[in-house]
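In listed order, ligands and their atoms are each counted from 1.
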Amino acid sequence: MSEPLSPIPPRTLPVAARAPGKCIVFGEHAVVHGAPELVFAIDLHTQVFVRPSDRFRLNSDPEAPRRNPYFRAALESAWASRPPVDVRAVSRIPRSAGLGSSAALAAALAVAFGAASGGVGRAELAQRSFEIERGAQGVGSAGDTTAVVGGGYLAINGGPGEPLWTVRGEQRAWEVRRVEDPGWVWVVAHSGIPRSTGDAVRAVSRRLEAPDGPDLLAEFARVATDGIRAVGRGDRGSVAELLRRNQELLREVGVSHPRIEELIRAAASAAEGAKLTGAGAGGSIVVLPVPGKETELVRRLARAGAVPFVVRPEPLGAGLIEAP
Ligand code: PMV
C-alpha cells in the first residue's frame, strides 16, 4: 500500500488497485462554481483487478466498454490503444449514494492503468481521475476524485498553506490543500433514494443563475471557508453550527429531500450537527455525533430506515494493492 501522496510505481499486468470513497463536509455544488469545499476520504473502498485478456471486459461483461461510461472513459483517457484487459471491480461503497463510488472506480482504474503504463505521479493521477469522472458524468468539479486520490481531509479552493496540486477543467481549476485530521469519527447514512449527480448539478446551476444566485454562492463560500478553519483547529461547536447553516443553503437551492430532512431529525438528539452530503435530492447525510452517542445515533438512523456507516477518514489515497 502506498504512502499518502507517493507516486504510483510502474508494474506489469496483472495489477490490483483500490481507492476510498469520500464524504463532503462543506461546499458541495458551490465547488462546481469555484467556491471552497472540504472533503475527506472514507474507509470504504472500491478495488479493481486488471489482467491481460483477449477482449475488454468489466466484471465478465464484454459490452461494458459501450455500456459503462466510467469504464469507457477510463479506457479512453488512461489506457489509449493498449491491448485488451479483463477488469474485476468490487466495492463496499453504496452506489448513487453521494459517497464517491464513481470517483473511487475512476481513481482505482486510473491507478491500475497508470501503473501498467509506466507509473504516474499523484497530481497527474488526480487530473486523470477527474477526466475519467467528468468524461462519464459530463458535469462536476474535481472535488470527489481529488478526495479519493489524496486521502485524509482536503480543502478545495480554500484553506491555508501551499497547494498540493491543481486540477484543471475546461473552464475552471481546483486548487487542493491538506487540512489536518482532528481525529473525529463521523456517521454517514444512506437514505436509499438514488439520484443522478448530473441532474442535481444542472438544477443547482440553473438556480444559481437567479438574481440572488451570487449572494447564495458567496454564503456557500463563507460557510465552507469558516468550516475548513474550524475543522483545522478541531472546533466541534463551530463545525456543528456550520453544518446546520450549509444544510439550510442546500435546502434553499432545492437539493434536500423529505427523507433527508426526516433522517436529520431522527439523528438530532445524538448529533452535534448534520447535513446532506454529495449531490443531494436523495443520497446520504453526514452527521457529527455527540461523542459517546455514536451507537445510539446508528440505531436511530437504522430505525428511521437508513443504512448508516460509522466512518473515519482514510489517510491513504488511491493506490496499488497486492494482486490476489
Ligand atoms: O456525486 P456525489 O453525490 O458524490 O456529489 C458530487 C458533489 C457535487 O458538488 C454535487 C458535484 C461535484 O462534482 O462536485
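Those atoms of ligand 1 with a heavy atom of Val201 less than 4.0 angstrom away are 10 (C), 11 (C). Atoms of ligand 1 lying under 4.0 Å from any heavy atom of Arg195, numbered from 1 in the order shown and given with element: 1 (O), 2 (P), 3 (O). Ligand-side atoms of ligand 1 in range of Val31: 9 (O), 14 (O), range being under 4.0 angstrom from any heavy atom. For ligand 1, the atoms lying closer than 4.0 Å to a non-hydrogen atom of Ile24 are 7 (C). If you number the atoms of ligand 1 from 1 as listed, the ones under 4.0 Å from a heavy atom of Lys22 come out as 2 (P), 4 (O), 5 (O). Every atom of ligand 1 is numbered from 1 in the order shown, and the set under 4.0 Å from a heavy atom of Ala279 is 2 (P), 3 (O), 5 (O), 10 (C). Close approach of ligand 1 to His29 (heavy-atom distance below 4.0 Å) involves ligand atoms 8 (C), 9 (O), 10 (C). Close contacts between ligand 1 and Glu28 involve ligand atoms 9 (O) [criterion: under 4.0 Å to a heavy atom].
Asp61 pairs with exactly one of Arg55, Arg88, Arg67 by the salt bridge (charged side-chain N to carboxylate O under 4.0 Å, His left out) rule, that one being Arg67.
Counting only heavy atoms from C-beta outward, the side chains of Leu243 and Phe26 approach each other to under 4.5 Å. The side-chain heavy atoms of Arg222 and Asp226, taken from C-beta on, include a pair separated by under 4.5 Å. Considering only heavy atoms from C-beta on, Phe40 stays 4.5 Å or farther from Ile24 through its side chain.
Because its NZ or CZ atom is not both nearer than 6.0 Å to the ring centre of Trp165 and within 45° of the ring axis, Arg122 does not count as a cation-pi partner of that residue.
Of the heavy atoms in Val204, none comes closer than 4.0 Å to ligand 1. Neither the backbone nor the side chain of Val139 has any atom closer than 4.0 Å to an atom of ligand 1 (non-hydrogen atoms only).
With hydrogens and angles ignored, the 3.5 Å screen pairs a side-chain donor or acceptor of Asn59 with a backbone N or O of Ala89. Under the 3.5 Å distance criterion, the side-chain polar atoms of Arg178 are matched with a main-chain donor or acceptor of Tyr153. Listed for the Gln247 side chain is a donor-acceptor partner under 3.5 Å among the backbone atoms of Leu276.
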_Asp43 vs Arg312, test: salt bridge (Lys or Arg N to Asp or Glu O under 4.0 Å). Steps then yes/no._
CA-CA 6 Å; Asp43 51 356; Arg312 288 264 313 124; over 6 Å; no

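Under the 4.0 angstrom criterion for non-hydrogen atoms, Gln137 is not in contact with ligand 1. Note on ligand 1: Glu133 sits outside its first shell, no heavy atom being nearer than 4.0 Å.
In terms of protein heavy atoms, atom 1 (O) of ligand 1 is closest to Thr197 OG1, 2.6 Å. Residue, atom and distance of the protein heavy atom nearest to atom 6 (C) of ligand 1 are Asp144 OD2, 3.5 Å. For atom 13 (O) of ligand 1, the nearest non-hydrogen atom of the protein is Ser141 N, 2.8 Å.
Between Arg128 and Glu124 there is a salt bridge, since a side-chain N of the basic residue sits under 4.0 Å from a carboxylate O of the acidic one.
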